[in-house]
Amino acid sequence: MFTFEKLYSMGHEQVVFFSDPSCNLKAIIAIHNTTLGPALGGTRMWNYATIDEAIEDALRLSRGMTYKNAISGLHLGGGKAVIIGDPAKDKSEALFRSYGRFVESLNGRYITAEDVNTTVDDMEYIFSETNNVTGVAEINGGSGNPSPWTARGVFRGMEASCLKVFGDRSLKGKVVALQGAGSVGTHLGRHLYESGAKVLFTDMNEANIARFKEAVPNAEFVALNDIYDVKADIYAPCALGATINDQTIDRLKVKIVCGAANNQLAENRHGDMLKEKNILYAPDYLINAGGVMNVSIEFEGWNAEKATKMVDKIYDTTLKIFKLSEEQNIPVYKATDLMAEQRIQSIKNIRGKYLGNLAHRFPGRKSN
Ligand code: NAD
């Protein structure tokens with residue numbers, strides 16, 4: 001049940017409910033933390049069974065965005081929105097434009113983007129009512145499909161992991177067990193192929209399997225449930241969250257877990273278990289942040305060179321996290337949270353300093 005105590009304990013600043021019966025809009029925007037800048041996070045559309053489920057999702061996902069944006073070095077806070085409804089039946093121009101007007105009413109405190117069950121076309125409707133939306137089409141100054149950028153970041157995370165475990169960042173000759181041959185998985189497969197790695201992959205979608213085989217000619221298909229048992233150097237979860245769990249963890253024969261999926265650890269204790277088993281876990285919400293890094297530069301004018309430079313930094317940040325994890329003898333997931341929290345706190349601290357210019361507070365008065 002929704003309580004203010006819950007918001008206090010999770011650290012949220014603001015939760016806003018929007019309704020518009022004319023188009024059956026039921027939306028919740030959760031703004032978790034704006035220390036680093038406006039809260040950015042996507043809008044998810046889902047047929048939640050109860051309002052509590054929708055609130056819970058908005059709270060959990062917006063908090064996750066604070067950490068992701070902070071660890072990625074972005075000048076952005078964390079937020080997320082959910083629209084309650086069936087994406088197959090309830091989408092309309094009016095619904096997204098009405099939602100866009102509500103986003104506009106937050107005056108830039110929240111910036112939205114695509115998420116599960118929302119598309120570039122939906123963002124275009126939102127864009128007709130507010131500028132506070134990213135992930136719009138390239139012809140409108142947007143940054144297009146985020147998946148190639150997400151895959152590039154995951155690949156950089158893999159290189160950092162290889163340096164840590166094998167003493168060489170190259171993937172040449174490494175075997176990667178890749179789960180999920182979707183948008184990110186396929187782009188990642190291409191990077192791996194080009195770098196000389198061998199890919200064992202699984203999926204259940206026939207069209208995606210065929211597309212993957214075309215993109216990665218030497219890839220070998222394995223059955224869905226066998227992906228945890230194969231002999232490989234790296235397990236790359238690129239389909240679902242929580243695949244590191246009590247059922248799978250003892251089956252893994254790899255040295256590294258590094259993939260695009262969100263929330264790969266079913267519970268934090270599985271991160272502790274990976275450390276005990278000497279399996280290096282690449283920080284999931286950093287290495288899959290290439291997509292959000294890419295949309296974050298839409299406001300200053302997107303270009304591929306800027307995006308590349310930003311996403312490639314994932315390599316260095318991943319290494320810094322591994323170092324912190326080793327120095328403090330804590331699992332990688334804890335080191336990642338710690339580094340994100342330290343950045344937020346350090347920026348909060350400098351805000352306490354007086355800037356010596358009152359012009360912004362007294363705009364009517366001329367400064368010397
Ligand atoms: P996608 O829907 O294009 O691909 C997912 C693929 O996984 C599909 O081919 C699907 O058939 C397959 N799949 C589903 N369940 C499976 C299972 N049990 N075993 C094997 N395969 C299974 O999604 P995507 O955009 O490629 O994203 C992949 C993952 O990365 C998701 O968890 C997503 O949340 C995360 N992610 C994506 C982005 C992005 O930019 N797209 C950014 C950050 C995180």
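Ligands are counted one by one from 1 in listed order, and the atoms in each one are counted from 1 as well.
- Residue-ligand proximity, Leu240 to ligand 1, at heavy-atom distances under 4.0 Å covers atoms 15 (N), 18 (N).
- Not close to ligand 1: Gly291, with no non-hydrogen atom less than 4.0 angstrom away.
- The number of heavy atoms from other shown groups lying within 6.0 Å of CD (Glu326) does not exceed 12.
- When non-hydrogen atoms are compared, ligand 1 lies under 4.0 Å from the backbone of Ala239 as well as from its side chain.
- A centroid separation of less than 6.0 Å is found between the aromatic rings of Phe201 and Phe221.
- Of the candidates Ile209, Asp203, Asn205, the one placing a heavy atom closest to atom 8 (C) of ligand 1 is Asp203.
- Residue, atom and distance of the protein heavy atom nearest to atom 4 (O) of ligand 1 are Gly182 CA, 3.2 Å.
- Under 4.0 angstrom from ligand 1, the non-hydrogen atoms of Asn288 come from both its backbone and its side chain.
- A salt bridge links Asp250 to Lys277: at least one charged side-chain nitrogen sits closer than 4.0 Å to a carboxylate oxygen.
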Check against side chain to side chain contact (heavy atoms under 4.5 Å, CB included), Tyr110 and Asn132: CA-CA 7 Å; Tyr110 171 68; Asn132 297 323; over 6 Å; no
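- Where the criterion is an N or O separation shorter than 3.5 Å, residue side chain and backbone included, Asn262 meets it with respect to ligand 1.
- Counting atoms of ligand 1 from 1 in the listed order, those under 4.0 Å from a heavy atom of Leu224 are 19 (N), 20 (C).
- Contacts of Asn208 with ligand 1, taken as heavy-atom pairs under 4.0 Å, involve the side chain alone.
- Distance check, rounded to the nearest 0.5 Å: CD1 of Ile28 to CD1 of Ile83 gives 10.5 Å.
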